[in-house]
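Chain A is the first sequence line, chain B the second, and so forth, proteins listed ahead of strands; every chain is numbered from 1. In this text the structure is predicted, and so the values were computed from the model without any measurement. Side chains are part of it too, since the values below use all heavy atoms of this structure and drop only hydrogens, waters and symmetry mates.
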There are 2 protein chains.
Amino acid sequence: MTVGHVGERLLTPGEVAALFRVDPKTVTRWATAGRIGSIRTPGGHRRFRETEVQALLAELTTEATEPAEHV
Amino acid sequence: MTVGHVGERLLTPGEVAALFRVDPKTVTRWATAGRIGSIRTPGGHRRFRETEVQALLAELTTEATEPAEHV
DNA sequence: GAGGAGTGGGGTAATTAGGGCT
DNA sequence: TCTGTCCTAATTACCCCACTCC
């Protein structure tokens with residue numbers, strides 16, 4: 001292989017939906033609303049950067065800043 | 001490789017598939033549908049120009065609008 | 001010439017996109 | 001306002017086997 005650039009892992013809408021425990025449709029709406037970056041395939045399907053998803057996931061976690069043991 | 005002639009870096013269907021997080025067969029369909037330019041080897045296998053793939057990838061990429069946090 | 005990995009072609013099942021509604 | 005579900009159409013994923021690339 002002569003790529004030499006294996007940076008960003010991309011996730012499918014279904015995988016992101018599973019991470020957030022929501023419907024893939026909701027993930028699509030987030031992308032449409034510009035709340036999360038998306039990479040479209042030439043066919044129109046979306047792919048999401050895992051790093052961005054992780055960041056958003058962590059952001060939502062820290063947003064509910066309750067020091068109690070609620071995990 | 002190591003042809004000594006740089007500037008025409010070609011990617012295999014598998015490499016392009018990894019970039020878009022799709023199946024190599026899907027990349028083949030893109031080429032068949034004319035959504036992406038392809039170069040055929042004498043044996044019939046397809047090769048793709050990295051510059052074209054990168055350009056396509058960048059064109060289909062949408063950055064997330066930076067939220068204003070707490071407003 | 002031999003061998004492993006990848007690719008092409010065809011066909012079928014699973015996801016996804018889009019709009020509208022509860 | 002945001003999310004989940006219903007619908008149809010389009011795109012993508014995985015199965016087979018034969019051939020090509022290195």
Side-chain angles (χ1 to χ4, degrees), chain A residues 1-66 68 70-71, chain B:
Chain A
M1 306 319 188
T2 57
V3 183
H5 181 266
V6 196
E8 47 200 10
R9 272 186 305 179
L10 299 180
L11 300 178
T12 63
E15 292 173 337
V16 178
L19 256 40
F20 283 89
R21 298 295 222 110
V22 295
D23 267 13
K25 221 64 171 179
T26 301
V27 180
T28 297
R29 291 195 182 103
W30 292 345
T32 304
R35 277 188 278 187
I36 184 174
S38 63
I39 299 176
R40 313 269 298 206
T41 66
H45 286 202
R46 295 185 183 89
R47 297 283 114 101
F48 304 93
R49 303 174 189 273
E50 190 190 37
T51 56
E52 197 172 335
V53 173
Q54 299 283 2
L56 184 57
L57 203 53
E59 193 172 312
L60 292 179
T61 302
T62 57
E63 193 164 315
T65 315
E66 193 56 48
H70 186 272
V71 183
Chain B
M1 7 290 241
T2 61
V3 239
H5 179 273
V6 193
E8 275 301 21
R9 184 132 75 127
L10 298 179
L11 300 179
T12 63
E15 292 171 339
V16 178
L19 257 40
F20 281 90
R21 187 36 170 105
V22 294
D23 194 90
K25 299 289 181 142
T26 301
V27 180
T28 297
R29 295 196 203 92
W30 294 344
T32 303
R35 295 189 220 255
I36 184 175
S38 62
I39 300 175
R40 312 272 296 205
T41 65
H45 287 196
R46 281 178 252 262
R47 295 287 115 98
F48 305 90
R49 299 180 183 279
E50 189 191 35
T51 55
E52 186 178 348
V53 174
Q54 294 290 354
L56 183 61
L57 192 58
E59 187 174 338
L60 296 175
T61 300
T62 302
E63 300 295 338
T65 58
E66 194 61 35
E69 288 294 330
H70 307 272
V71 184

> Would you say D:dT20 has OP1 or OP2 under 4.0 Å from some side-chain N or O of B:Thr41?
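Answer no for this pair, as no side-chain N or O of B:Thr41 is under 4.0 Å from OP1 or OP2.
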> Write down the distance between CZ (A:Arg35) and P (D:dT1), rounded to a whole number of angstrom.
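Atom CZ in A:Arg35 sits about 12 Å away from atom P in D:dT1.
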> Can you measure B:Asp23 atom CG to C:dG11 atom P for me and round it to whole angstrom units?
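Taking atom P of C:dG11 as the reference, CG of B:Asp23 is at 18 Å.
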> Supply the atom-to-atom distance A:Thr12 OG1 to A:His45 NE2, rounded to the nearest 0.5 angstrom.
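One finds 11.0 Å between OG1 of A:Thr12 and NE2 of A:His45.
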> Checking B:Glu52 now: which residues fulfil salt bridge (Lys or Arg N to Asp or Glu O under 4.0 Å) with it, not counting sequence neighbours?
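Expected list: none.
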> Can you check the A:Arg21 CZ to D:dT3 P distance for me, whole Å?
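From A:Arg21 CZ to D:dT3 P: 16 Å.
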> Taking only N and O in the side chain of A:Trp30, is any of them less than 4.0 Å away from OP1 or OP2 of D:dC2?
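Checking D:dC2 against A:Trp30, no side-chain N or O comes under 4.0 Å of OP1 or OP2.
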> Expressed in angstrom and rounded to an integer, what is the separation of B:Leu11 atom CG from D:dC21 atom P?
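The distance from CG of B:Leu11 to P of D:dC21 comes to 17 Å, rounded to the nearest Å.
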> Name the stems with DNA chain D in them: runs of three or more consecutive Watson-Crick or G-U pairs, distances under 3.5 Å?
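The stems are C:3-19 with D:6-22.
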> With sequence neighbours excluded, what pairs up with B:Arg47 under the salt bridge (Lys or Arg N to Asp or Glu O under 4.0 Å) test?
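Partners of B:Arg47 by the salt bridge (Lys or Arg N to Asp or Glu O under 4.0 Å) criterion come out as none, since no residue qualifies.
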> Nearest 0.5 Å, please: how far is OG1 in A:Thr41 from CZ in A:Arg46?
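Taking CZ in A:Arg46 and OG1 in A:Thr41, the distance rounds to 10.0 Å.
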> Which donor-acceptor pairs under 3.5 Å do the side chains of residues 56-63 of chain B make with protein atoms, sequence neighbours left out?
| from | atom 1 | to | atom 2 | distance (Å) |
| --- | --- | --- | --- | --- |
| B:Thr61 | OG1 | B:Leu57 | O | 2.5 |

> Side-chain donor-acceptor contacts of residues 20-37 of chain A below 3.5 Å, not counting sequence neighbours, with atom names and distances?
| from | atom 1 | to | atom 2 | distance (Å) |
| --- | --- | --- | --- | --- |
| A:Thr28 | OG1 | A:Pro24 | O | 3.1 |
| A:Thr32 | OG1 | A:Thr28 | O | 2.9 |

> How close or far is atom C1' of C:dT7 from atom CG of B:Leu10, stated in whole angstroms?
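That distance rounds to 15 Å.
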> What are the atom names and distances for every N/O pair under 3.5 Å that joins the protein to nucleotides 15-22 of chain C?
| from | atom 1 | to | atom 2 | distance (Å) |
| --- | --- | --- | --- | --- |
| C:dT16 | OP1 | A:Gly14 | N | 2.6 |
| C:dA17 | OP1 | A:Arg46 | N | 3.2 |
| C:dA17 | OP1 | A:Arg46 | NH1 | 3.2 |
| C:dA17 | OP2 | A:Thr28 | OG1 | 2.9 |
| C:dA17 | N7 | A:Lys25 | NZ | 3.4 |
| C:dG18 | OP1 | A:Arg40 | NH2 | 3.1 |
| C:dG18 | OP2 | A:Arg46 | NH2 | 2.8 |
| C:dG18 | N7 | A:Lys25 | NZ | 2.3 |
| C:dG18 | O6 | A:Lys25 | NZ | 2.6 |

> Which distance, rounded to the nearest 0.5 Å, do you find between the CZ of B:Arg49 and the CZ of B:Arg9?
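Reported to 0.5 Å precision, the distance equals 14.0 Å.
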> Output the distance between atom CG (A:Leu11) and atom OG (A:Ser38), rounded to the nearest 0.5 Å.
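Here the rounded value is 13.0 Å.
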